[in-house]
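Let me begin by presenting the structure, written as structure tokens, before commenting on it.
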Amino acid sequence: MADHNLKEIDAMFSIRKFIRDLRKYKKAMLLSILIFAAGLVLGAANADTLTRLVMPNLEQLSRISRDLAQSDHPEWNFFLFIFFNNVTKSLGVMLLGAILGILPAFFLLMNGLALGFVVAAAGGRGENLVDLIVRGLLPHGIIEIPAILIAAGFGMQFGYLAVKSLGEAGSRDASERTVDWRGFLVSAGRGAIWIVVMLLVAAVIESTLTFYLVG
């Protein structure tokens, strides 16, 4: 019994099985990438129009950043804020995806819009975009963005399976029900573990290397 439990725990931390899960739900993951990319393009192409929509959130983040930068231990406080903020939102998106998968799609679109807006606005002010991307976004974003995309992908898959399960609810024969809830929940749990790990690494990089490069 103990050996069986150890094997189950080991499986939850298996990166090989995590990658297998991403392949299993590749349609949801691809959709996640496409929605985020669409948000990026829309944000960059409509920066002037989106100012009222995006600026309040960016100004709030700017105020928080200033307060953290002026604290006694800025790197540590930045790390805590970034990590817990990203983990809360990512895991929330995974869970709330059960509501038809709408929230993860909206979350991706808004994040894409915000990032596209920031880059386009910086370019409009004459800032060096290569410098912004390489120093301000790439070091942590290369890990943080995929983690967010994966979380939203699992969220949208959750929504899809919830809708499919409702459609099969009237089936008299259990064999006619095709939704494998146990398999998905195990995969989502494993995904949540690796998403947290990825966001932990990204937060460390953003609160140290990115903080140093941008500051």
Side-chain angles (χ1 to χ4, degrees), residues 32-97 102-153 155 195-215:
S32 181
I33 294 170
L34 291 175
I35 293 173
F36 183 75
L40 272 175
V41 173
L42 289 171
N46 300 279
D48 293 337
T49 307
L50 293 170
T51 300
R52 287 186 177 181
L53 177 65
V54 176
M55 280 306 294
N57 289 331
L58 295 180
E59 287 172 354
Q60 182 183 16
L61 285 175
S62 181
R63 285 194 298 272
I64 293 171
S65 295
R66 285 196 300 271
D67 291 340
L68 293 175
Q70 294 169 4
S71 63
D72 293 335
H73 305 285
E75 291 90 350
W76 174 244
N77 290 326
F78 264 111
F79 165 76
L80 291 176
F81 172 73
I82 293 165
F83 177 65
F84 285 109
N85 181 60
N86 285 337
V87 167
T88 301
K89 288 181 178 178
S90 295
L91 297 186
V93 158
M94 288 182 71
L95 291 172
L96 295 176
I102 294 171
L103 184 62
F106 180 75
F107 176 75
L108 285 171
L109 186 63
M110 292 304 296
N111 274 272
L113 282 171
L115 184 56
F117 172 84
V118 167
V119 173
R125 293 192 300 269
E127 295 183 24
N128 188 328
L129 292 184
V130 174
D131 191 56
L132 170 66
I133 293 170
V134 172
R135 296 174 62 185
L137 297 175
L138 196 59
H140 65 277
I142 199 170
I143 300 172
E144 182 181 296
I145 292 174
I148 290 170
L149 293 175
I150 292 168
I195 286 165
V196 170
V197 171
M198 292 170 72
L199 291 174
L200 175 65
V201 174
V204 169
I205 294 172
E206 189 172 359
S207 61
T208 54
L209 180 59
T210 304
F211 181 78
Y212 170 75
L213 291 173
V214 174

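- The two residues Ala152 and Ser32 come nearest to each other via the heavy atoms CB-OG, 3.9 Å.
- Evaluation of the ring pair (Phe, Tyr, Trp, His ring centres under 6.0 Å) rule for Phe81 yields no partner, not counting sequence neighbours.
- Residues Asn128 and Val130 come closest through the heavy atom pair OD1-N, 3.1 Å.
- Annotation for Ile133: atom CD1 counts as buried by contact number, over 12 foreign heavy atoms lying within 6.0 Å.
- The side chain to side chain donor-acceptor pair (under 3.5 Å) contacts involving residues 114-127 comprise Arg125-Glu127, where partners must be two or more places apart or lie in separate chains.
- Residues that satisfy the side chain to side chain contact (heavy atoms under 4.5 Å, CB included) test with Ile33, not counting sequence neighbours, are Leu149.
- Judged by distance alone, with hydrogens and angles left aside, the side-chain atoms of Thr88 form no donor-acceptor pair with the main-chain N or O of Asn85 at under 3.5 Å.
- Taking Asn57 as the reference, nothing meets the side chain to side chain donor-acceptor pair (under 3.5 Å) condition, with sequence neighbours excluded.
- Partners of Asp131 according to the salt bridge (Lys or Arg N to Asp or Glu O under 4.0 Å) rule, which considers only residues two or more places apart in sequence or in another chain, are Arg135.
- If you take OG on Ser90 and CZ on Phe107, they are separated by 5.5 Å, rounding to the nearest 0.5 Å.
- In this structure, OG1 in Thr49 is found 10.0 Å from CZ in Phe117, a value given to the nearest 0.5 Å.
- Residues Leu137 and Val118 form no side-chain contact, since every pair of their non-hydrogen atoms from C-beta on lies 4.5 Å or further apart.
- Judged as a side chain to side chain contact (heavy atoms under 4.5 Å, CB included), and not counting sequence neighbours, the contacts of Leu42 are Asn46, Leu109, Leu113.
- For Pro139, the side chain to side chain contact (heavy atoms under 4.5 Å, CB included) partners are Ile205, Leu209, Thr210, Leu213, not counting sequence neighbours.
- For the atom pair CE (Met198) and CD1 (Ile145), the distance works out to 10.5 Å, reported to the nearest 0.5 Å.
- Across Leu200 and Phe79, no two heavy atoms sit closer than the pair CD1-CZ, 3.5 Å.
- Taking Thr208 as the reference, nothing meets the side chain to side chain donor-acceptor pair (under 3.5 Å) condition, with sequence neighbours excluded.
- Each ring-ring contact (aromatic ring centres under 6.0 Å, His included) pair with one or both residues in residues 34-58, not counting sequence neighbours, would appear here, but there are none.
- Contact detail for Ile35 and Leu108: the closest heavy-atom pair is CG2-CB, 3.8 Å.
- Checked against side chain to side chain contact (heavy atoms under 4.5 Å, CB included), Glu144 has the following partners two or more places apart in sequence or in another chain: Ile82, Asn86, His140, Ile148, Leu199, Ala202, Glu206.
- The two residues Pro146 and Gly141 come nearest to each other via the heavy atoms CD-O, 3.5 Å.
- Remark: Leu91 CG to Leu95 CG distance equals 7.0 Å, nearest 0.5 Å.
- Atom OG of Ser207 is separated from atom CZ of Phe78 by 9.0 Å, given to the nearest 0.5 angstrom.
- Nearest approach of Ala44 to Ala120, heavy atoms of both residues: O-CB, 3.5 Å.
- With rounding to the nearest 0.5 angstrom, the NZ atom of Lys89 is 11.5 Å from the CG atom of Leu103.
- Counting only residues at least two apart or in different chains, side chain to side chain donor-acceptor pair (under 3.5 Å) contacts with residues 72-84 comprise Ser71-Asn77.
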